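Since we're looking at a predicted model, the values are computed, not measured. These numbers come from the heavy atoms of this one structure, side chains and all, not from hydrogens, waters or symmetry mates.
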Amino acid sequence: GLNTQFNTRTPDCSIFISRELKQAAFSLLSPQFSDLKSRPLICLCPGSVNSEAKRWPADYFSELTNLLTKEFNAIVIFVGASSEYEMIQSIINQSGADNILNLAGKTDLENSLGVMNLCDLVISNDTGSAHLAVAAGGKVLTIFGPTIPGATAPFGHDAQILRIKTNCSPCRHFSCPLSDHPCMRSIKPAAVIQQVSTMIRQ
């Protein structure tokens with residue numbers, strides 16, 4: 001009879017990142033941070049062009065940025081589309097943290113891959129950036145709210161998700177019709193920091 005074998009291992013979705021691309025990313029970041037090699041480097045992707053409902057709250061990203069710089073002495077790099085630059089800058093300003101760089105709209109696809117490859121961890125909404133981070137061979141933590149991880153979560157040995165189930169999710173709303181956006185607001189910055197700590201130690 002037919003003997004079918006299934007590969008139950010997590011697929012490797014990373015791609016080859018050339019030395020030139022890594023060097024270009026380092027050259028982009030090193031003028032901003034003299035101690036780039038000696039500190040944790042964390043990339044945040046707070047946007048989601050195709051759905052506002054998939055965005056973890058901006059004030060939570062601000063609090064997370066502050067915690068990352070204070071608790072981990074991290075350098076935080078923001079990546080996103082050019083249309084997200086002002087939103088990201090508002091997150092940075094609200095955090096009051098130092099050692100932050102806003103690269104929204106300033107990197108193409110290849111350079112974004114290079115930056116993510118250099119990072120110790122990428123934290124992203126459920127958007128293309130999470131898949132880009134896996135392709136770059138990096139660790140990625142994806143924050144899920146209205147979407148289903150089984151349908152859109154990135155594949156990778158170093159890809160983890162954070163989600164708290166609520167009665168209103170999943171949904172297909174572009175923006176949350178509820179005043180408190182429960183599926184995202186239920187995921188507190190402290191919970192993200194706890195998972196960050198575990199992932200960085202690994």
Side-chain angles (χ1 to χ4, degrees), residues 28-29 32 40-72 74-109 111-113 115-116 118-136 138-147 149 152-154 159-164 169 173-176 180-196 199-200:
L28 178 66
L29 302 180
Q32 314 289 330
L41 185 61
I42 297 179
C43 177
L44 300 186
C45 306
S48 179
V49 173
N50 66 341
S51 171
E52 292 177 2
K54 293 196 294 186
R55 293 182 180 180
W56 199 48
D59 59 312
Y60 280 11
F61 266 110
S62 292
E63 186 177 342
L64 176 64
T65 301
N66 205 17
L67 289 169
L68 289 170
T69 58
K70 287 186 175 178
E71 294 192 19
F72 296 95
I75 293 170
V76 179
I77 310 296
F78 283 86
V79 171
S82 56
S83 61
E84 295 166 345
Y85 182 88
E86 294 301 328
M87 178 266 292
I88 288 173
Q89 197 56 47
S90 176
I91 288 171
I92 293 170
N93 293 343
Q94 187 179 345
S95 76
D98 297 321
N99 298 298
I100 315 294
L101 183 61
N102 184 355
L103 289 180
K106 297 181 179 180
T107 56
D108 59 16
L109 183 64
N111 286 325
S112 294
L113 282 166
V115 168
M116 289 178 174
L118 285 183
C119 289
D120 297 288
L121 178 65
V122 178
I123 303 171
S124 176
N125 293 323
D126 172 28
T127 186
S129 298
H131 298 274
L132 199 63
V134 168
K139 290 183 180 180
V140 58
L141 175 60
T142 308
I143 301 173
F144 275 85
T147 46
T152 58
Q160 296 186 21
I161 67 163
L162 194 53
R163 181 182 188 233
I164 294 178
S169 66
H173 294 291
F174 175 79
S175 57
C176 182
D180 56 348
H181 202 177
C183 69
M184 282 303 208
R185 285 224 165 257
S186 60
I187 304 170
K188 303 298 183 184
V192 178
I193 282 292
Q194 185 175 359
Q195 195 142 346
V196 167
M199 293 181 76
I200 287 182

Asks: Could you measure the distance from the CD atom of Gln160 to the CD atom of Gln195? Nearest 0.5 Å is fine.
Replies: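 Here the rounded value is 5.0 Å.
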Asks: Show the nearest heavy-atom pair for residues Cys176 and Pro182, with the distance to one decimal.
Replies: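 Looking at all heavy atoms of both residues, the closest pair is SG-CD, 4.3 Å.
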Asks: Return the CG to OH distance between Leu67 and Tyr60, rounded to the nearest 0.5 Å.
Replies: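 So the CG of Leu67 and the OH of Tyr60 are separated by 12.5 Å.
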Asks: Quick one: CE on Met87 to CD on Glu52, what's the gap to the nearest 0.5 Å?
Replies: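 Going from CE on Met87 over to CD on Glu52, the span is 9.5 Å.
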Asks: Tell me the closest heavy-atom pair linking Thr147 and Lys54, and the distance in Å.
Replies: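 The answer is CG2-CD, 3.5 Å.
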Asks: Other residues, nucleotides and ligands only: do more than 12 of their heavy atoms fall within 6.0 Å of CD on Glu71?
Replies: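 Yes, because the 6.0 Å sphere around CD of Glu71 holds more than 12 heavy atoms from other groups.
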Asks: State, yes or no, whether a side-chain contact exists between Trp56 and Val192 at a heavy-atom distance under 4.5 Å.
Replies: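 Yes. Closest side-chain heavy atoms under 4.5 Å.
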Asks: How far apart are the C-alpha atoms of Asp59 and Glu63, what are their side-chain angles, what is the distance that settles it, and do they pass the side chain to side chain contact (heavy atoms under 4.5 Å, CB included) test?
Replies: CA-CA 6 Å; Asp59 59 312; Glu63 186 177 342; over 6 Å; no
Asks: Side chain to side chain contact (heavy atoms under 4.5 Å, CB included) for Leu132 and Val79? Distances and angles first, verdict last.
Replies: CA-CA 11 Å; Leu132 199 63; Val79 171; 5.9 Å; no
Asks: Answer with yes or no whether the side chains of Ser48 and Asn125 bring together a donor and an acceptor at under 3.5 Å.
Replies: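 Side-chain D/A pair, Asn125 to Ser48: absent.
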Asks: Is there a side-chain contact between Thr127 and Thr152 (heavy atoms, below 4.5 Å)?
Replies: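 No - every pair of side-chain heavy atoms lies 4.5 Å or more apart.
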Asks: For Ser169, give me all partners under side-chain hydrogen bond (donor to acceptor under 3.5 Å, both in side chains), at least two apart in sequence or on another chain.
Replies: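 Ser169: side-chain hydrogen bond (donor to acceptor under 3.5 Å, both in side chains) contacts with Thr166.
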Asks: I'd like to check the side chain to side chain contact (heavy atoms under 4.5 Å, CB included) partners of Ala136; sequence neighbours left out, ordered by chain and number.
Replies: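 Residues passing side chain to side chain contact (heavy atoms under 4.5 Å, CB included) with Ala136: Leu113, Met116, Asn117.
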Asks: Is the shortest heavy-atom distance from the side chain of Gln89 to the side chain of Ile92 under 4.5 Å?
Replies: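 Answer yes - side chains close enough.
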Asks: Examine distances only and state if a side-chain atom of Asn99 and a backbone atom of Ala74 form a donor-acceptor pair shorter than 3.5 Å.
Replies: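 Pair absent, no side-chain N/O of Asn99 close to backbone of Ala74.
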Asks: Grab the two heavy atoms, one from Ser124 and one from Ser129, that are nearest each other, plus how far apart they are.
Replies: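 So the two residues come closest at OG-CB, 3.6 Å.
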Asks: Could you give the distance from OH (Tyr85) to CG (Asn102), rounded to the nearest 0.5 Å?
Replies: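 Separation between the atoms: 5.0 Å.
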Asks: Hey, what do you get for CG (Leu103) to CD (Gln32), rounding to the nearest 0.5 Å?
Replies: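 Between atom CG of Leu103 and atom CD of Gln32 there are 8.0 Å.
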Asks: Between Glu84 and Val49, does a side chain to side chain contact (heavy atoms under 4.5 Å, CB included) hold up when you go through it step by step?
Replies: CA-CA 8 Å; Glu84 295 166 345; Val49 173; 3.4 Å; yes
Asks: What's the shortest heavy-atom distance between Asn66 and Thr69, and which atoms?
Replies: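 Nearest heavy atoms, Asn66 then Thr69: O-OG1, 2.9 Å.
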Asks: Looking at Leu121, Val122, Val76, Leu101, which one forms a side chain to side chain contact (heavy atoms under 4.5 Å, CB included) with Cys43?
Replies: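 Only match with Cys43 under side chain to side chain contact (heavy atoms under 4.5 Å, CB included): Val122.
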Asks: Rounded to the nearest 0.5 Å, what separates atom CG in Leu41 from atom CG in Leu68?
Replies: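 Answer rounded to 0.5 Å: 11.0 Å.
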Asks: Within a strict 4.5 Å, meaning less than it, do heavy atoms of the His173 and Pro146 side chains meet?
Replies: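 A side-chain contact is absent here, since even the closest heavy-atom pair is not under 4.5 Å.
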Asks: Grab the two heavy atoms, one from Ala104 and one from Ile88, that are nearest each other, plus how far apart they are.
Replies: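 Result for this residue pair: CB-CD1, 3.7 Å.
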Asks: Looking at Phe61, is its backbone amide N or carbonyl O close enough to the side chain of Thr65 to form a donor-acceptor pair, meaning the two atoms are under 3.5 Å apart?
Replies: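 Here the side-chain-to-backbone pair exists.
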Asks: Check whether any side-chain N or O of Asp120 sits under 3.5 Å from a backbone N or O of Ile42 as a donor-acceptor pair, and report yes or no.
Replies: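 Not at all, since once roles are kept as given, no pair shorter than 3.5 Å links the two residues.
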Asks: Provide the closest heavy-atom pair for Pro57 versus Arg185 in the form atom of the first, atom of the second, distance.
Replies: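 Closest heavy-atom pair between Pro57 and Arg185: CB-NH2, 3.5 Å.
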Asks: Using the side chain to side chain contact (heavy atoms under 4.5 Å, CB included) rule, pick out the option among Asp126, Ile161, Thr142 that qualifies with Pro149.
Replies: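 With Pro149 as partner, side chain to side chain contact (heavy atoms under 4.5 Å, CB included) holds for just one option, Ile161.
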Asks: Are the side chain of His181 and the backbone of Ser175 linked by a donor-acceptor contact shorter than 3.5 Å?
Replies: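 No; judged by distance alone, with no hydrogens or angles, the pair does not exist.
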Asks: Taking only residues two or more places apart in sequence or in another chain, which ones pass side-chain hydrogen bond (donor to acceptor under 3.5 Å, both in side chains) with Ser186?
Replies: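 Listed in chain order: nothing, the list is empty.
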